[in-house]
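When a ligand or atom number is given, it counts from 1 through the structure's own listing order. Positions are given from 1, in the same order as the sequence printed here. Values in this document were obtained by computation on a predicted structure and should not be read as measured data.
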Amino acid sequence: MADSAKSSNRFYLTTPIYYVNARPHLGHAYSTIVCDAVARRKRALGIDTWFLTGTDEHGQKIERSARLAGRTPQEFATAISAEFRGLWDRLGLTYDDYIRTTEPRHKRGVQHLFATLRERGYIYKGSYTGQYCVSDEAWVDGPPGTICPDCGRPTETVSEENYFFKLSAFERKLLEFYETNPGFIGPESTRREVISFVRSGLKDLSVSRTSFTWGIPVPGDEKHVIYVWLDALANYITALGYGSDAPEDKARFAKFWPADMHLIGKEISRFHCVYWPAFLMAAGVEPPRSVRANGWLLFDQGKMSKSKGNIVRAETVMEILGADALRYFLLREIPFGQDGNFSFDALVQRYNGDLANGYGNLVSRVVNMVHKYFGGVVPESGAPTPAESALRASAEKTIAEFGPAFDELNFSDALKSLWALVAETDGYLTANAPWKKPAERSDEDHQALQARVLSTAAEAIRIITALAYPILPDATAKVWHQMGQGSLAEAAGQSFLTRLAWGGLKPGTKFNEPAPLFPRAEKDAVERMQNLEDQNNKSAVEAASQGEAVSPNPATASPSVAPTTSTDKQDARASEVLTPTTAVNPGQAAATAPVHAAPAGQASPRLSTSPVSAPPSEPAAQPHPNTAAPAEPVQGSAAPQEQHITIDDFAKVDLRVAQILVAERVPKADKLLRLEVDLGYEKRQILAGIAQYYEPEKLIGRKIVIVANLAPRKMRGLESNGMLLAASLPPDGAPVLAGFLEEVPLGARLK
Ligand code: MSP
């Protein structure tokens with residue numbers, strides 16, 4: 001362990017690095033704001049602080065998101081990373097370094113770490129077949145079709161040659177480490193979960209992938225990319241210079257490592273509390289001193305997340321109420337470590353109650369009265385009465401309580417006690433009413449009372465302001481200036497919090513002009529924020545659809561989707577391609593898809609669907625009349641013999657636009673692909689017999705047509721919920737998926 005001088009004089013804290021698959025929202029802002037508040041307080045206490053944040057840019061999830069947006073992963077990552085950084089800057093967050101995992105310094109460090117683990121005998125080559133959750137970039141135990149226990153999405157089957165990390169060798173060492181470092185994991189609930197996870201046994205961990213390329217190559221075996229979590233976790237050391245021989249990097253690493261605090265979301269504690277210390281122990285590097293897990297910010301009762309579509313952006317709150325309001329709300333409202341609800345109503349209520357009517361109003365009253373009664377100069381207070389002594393005692397108690405609560409990340413209690421002092425100061429002012437002179441009080445006595453009360457209240461405000469600085473950096477800087485204390489940023493740089501004590505406001509100090517701090521939020525504030533979010537969501541949908549228009553989507557680009565004539569296989573089930581007309585009436589089905597105009601001179605493929613999803617009772621398995629079509633196709637007019645159905649019959653078939661999110665082969669079924677598709681209103685799994693014709697990777701992002709109301713069917717233990725529409729090409733019924741030339745929203749009905 002590091003020496004104690006090192007631990008008391010410097011503090012290295014980190015946020016998780018954010019995936020660049022989506023733009024930042026309040027959930028991300030939460031962790032970063034917490035770290036910023038901690039960093040500000042540490043610096044103001046004279047502690048040499050290093051605050052790191054950044055973006056996690058590699059892996060399958062990012063590769064796929066980039067593809068969906070029609071951009072290269074690098075371009076895509078650069079754009080979203082810049083959005084994160086831009087937002088942190090607009091929020092005034094004081095990070096010292098911003099790491100991107102696509103930077104050369106990071107790549108060098110990760111490869112050095114991997115090589116070190118291999119040299120020290122902790123990495124070996126093997127092969128892996130198992131389930132992988134792309135959304136969490138995590139391995140999941142269970143058979144194909146297993147749902148990820150963390151995020152609830154279906155996992156994908158991965159069968160690859162991989163490098164493995166000997167995690168199993170660290171079971172005992174980790175348990176000992178937790179035992180001897182009881183403060184390593186917090187809160188207690190997370191600590192218990194982690195310990196029980198390790199106690200239940202650790203298996204070796206696959207730490208490389210070969211089925212995609214967007215990652216850091218394994219040194220010396222470049223067809224492997226390093227597992228994205230090994231890559232990402234290493235940011236905490238590569239940003240300090242791990243793996244570099246440059247003297248300044250070595251010095252920074254020696255100074256700041258081990259990290260004092262990794263602040264993370266609770267769902268990524270296994271990676272930080274199990275894998276990360278094990279990797280470090282294996283590499284001969286000291287583990288971090290602590291990992292602290294925050295709970296989730298919920299909106300409309302669910303974890304705020306892009307995939308749930310329930311996000312709120314920090315920009316919206318900033319625009320209407322300011323960054324300080326957001327910081328205060330998040331730290332005051334949500335006990336750290338627990339989940340907390342975000343709502344515009346609650347935000348406005350807190351803002352008006354605590355900031356506008358509370359602190360803001362108190363400051364304005366006192367500063368204005370010092371101007372009004374004393375020309376803006378702090379008067380001598382004179383001898384304290386019991387009322388002043390009581391307020392002073394409360395302020396001293398608050399100083400004593402606030403720090404430890406804050407340093408334990410118990411921001412909510414720290415702020416509660418600080419705002420109790422705001423209320424007490426307010427009550428003290430009201431009780432002594434320096435603006436009101438009773439007839440029996442002499443002018444002299446009244447002025448003495450005004451001097452005593454206003455200088456005492458001002459001193460309480462100075463204490464409140466100093467303590468609130470890490471949470472309300474903008475507002476407190478204004479108050480500091482109004483109270484003639486100079487620049488708060490400078491004071492913070494000179495460790496002003498170490499000297500914070502009652503009596504610091506000297507008589508004779510000249511106040512500056514009062515300026516409004518937190519103007520009261522009007523009734524329509526909630527509505528304005530909601531409108532901003534609605535507008536943003538609308539333009540995001542538009543932007544997304546424009547992005548998709550440039551995304552590689554052969555279905556929309558290729559005229560080959562057009563049906564011509566049909567000679568599809570009689571036994572569609574055998575080919576694992578069935579015609580939709582087997583679920584629907586053939587002639588009508590083709591007629592419903594105007595995009596499928598038949599080019600002349602080709603045999604006419606029929607629109608087909610995944611046979612495997614068709615219940616056996618459906619006519620799918622029966623020979624289609626068209627299979628008895630003339631051997632020689634008739635140009636453009638090879639109309640199948642039509643069996644008419646009524647419009648009501650057709651209306652029973654729910655044909656919808658869907659987008660393929662996940663496509664993978666089904667083990668031991670050559671012809672089957674397992675697809676996860678997004679209908680806009682829901683996601684579902686469909687099995688399709690197109691594996692011989694489509695590379696799964698190339699399907700991701702494509703918009704297709706599905707029969708959405710087909711009864712579910714189980715295949716190889718997996719449930720299929722729907723069928724794809726595809727043209728079936730002669731001679732062997734090769735499927736060509738139906739698609740659109742124009743942009744179509746997900747879930748749109750074909751009728
Ligand atoms: N890239 C990984 C972290 C790698 S750290 C070496 C990752 N990224 S993430 O973008 O999905 O999440 C980053 C952090 O944001 C996590 O700590 C996560 O908990 C946090 N949040 C994302 N949504 C959140 C809420 N709705 N509420 C609170 N925090 C949330 O995981």
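Note on Glu160 versus Arg209: salt bridge recorded, some NZ/NE/NH1/NH2 to OD/OE distance being below 4.0 Å. Salt bridge annotation for Asp150-Arg270: present, with a cationic side-chain nitrogen under 4.0 angstrom from a carboxylate oxygen. Taking the charged nitrogens against the carboxylate oxygens, Glu333 and Arg350 do have a contact shorter than 4.0 Å, which makes a salt bridge. With salt bridges taken as basic N to acidic carboxylate O contacts below 4.0 Å, one links Glu267 and Lys303.
Side-chain polar atoms of Arg85 and Tyr95 form a donor-acceptor pair below 3.5 angstrom.
Close placement of the Phe114 and Tyr163 rings is indicated, their centers lying within 6.0 Å of each other. You'll find the ring centres of Phe177 and Phe184 inside the 6.0 Å limit.
Atom 25 (C) of ligand 1 has its closest protein heavy atom at Gly27 CA, 3.5 Å. With respect to atom 22 (C) of ligand 1, the closest heavy atom belonging to the protein is His28 CD2, 3.9 Å. Among all non-hydrogen protein atoms, the one lying nearest atom 27 (N) of ligand 1 is Leu297 N, 2.7 Å. For atom 17 (O) of ligand 1, the closest heavy atom belonging to the protein is Gly265 N, 2.7 Å. Looking from atom 11 (O) of ligand 1 to the surrounding protein, the closest heavy atom is Tyr19 CD1, 3.2 Å. Taking atom 19 (O) of ligand 1 as the reference point, the nearest protein heavy-atom neighbour is Glu267 OE2, 2.8 Å.
Not one N or O of Ile268 is nearer than 3.5 Å to an N or O of ligand 1, by distance alone.
Judged by the shortest distance from any of its heavy atoms, Ala22 lies outside the 4.0 Å radius around the atoms of ligand 1. Using a non-hydrogen distance threshold of 4.0 Å, Trp229 registers as a contact of ligand 1.
When non-hydrogen atoms are compared, ligand 1 lies under 4.0 Å from neither the backbone nor the side chain of Lys266. Here Asn294 has side-chain heavy atoms under 4.0 Å from ligand 1, and that is the only part of it that gets that close. Contacts between Tyr236 and ligand 1, counted as non-hydrogen atom pairs separated by less than 4.0 Å, involve the side chain only.
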Quiz item: What do the steps show when you test Glu193 against Lys266 for salt bridge (charged side-chain N to carboxylate O under 4.0 Å, His left out), and what is the final call?
Solution: CA-CA 10 Å; Glu193 267 170 39; Lys266 65 179 179 182; over 6 Å; no
Derivation of the salt bridge (charged side-chain N to carboxylate O under 4.0 Å, His left out) call for Glu137 and Lys61 = CA-CA 7 Å; Glu137 297 283 11; Lys61 168 166 156 153; over 6 Å; no
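Per-residue contacts place Met304 under 4.0 angstrom from the following atoms of ligand 1 (heavy atoms of the residue considered): 23 (N), 25 (C), 26 (N). Heavy-atom proximity to His272, at under 4.0 Å, picks out these atoms of ligand 1: 5 (S), 6 (C). Interface atoms of ligand 1 facing Ala232, defined by a heavy-atom separation under 4.0 Å, are 6 (C). For ligand 1, the atoms closer than 4.0 angstrom to any heavy atom of Gly295 are 28 (C). Listed by number with element, the atoms of ligand 1 under 4.0 angstrom from any heavy atom of Asp56 are 1 (N), 2 (C), 4 (C). The Ile264 neighbourhood of ligand 1 comprises atoms 17 (O), with distances under 4.0 Å to a heavy atom of that residue.
Counting only non-hydrogen atoms, the option in Ile17, Thr14, Thr15 that gets closest to atom 3 (C) of ligand 1 is Ile17. Considering each of Tyr18, Phe342, Tyr30, the one bringing a non-hydrogen atom nearest atom 13 (C) of ligand 1 is Tyr18.
Taking every heavy atom of both residues into account, Val348 and Val526 meet most closely at CG2-CG2, 3.7 Å.
Here the options are Arg43, Lys42, Arg40, the test is salt bridge (charged side-chain N to carboxylate O under 4.0 Å, His left out), and the partner is Asp96; only Arg43 passes.
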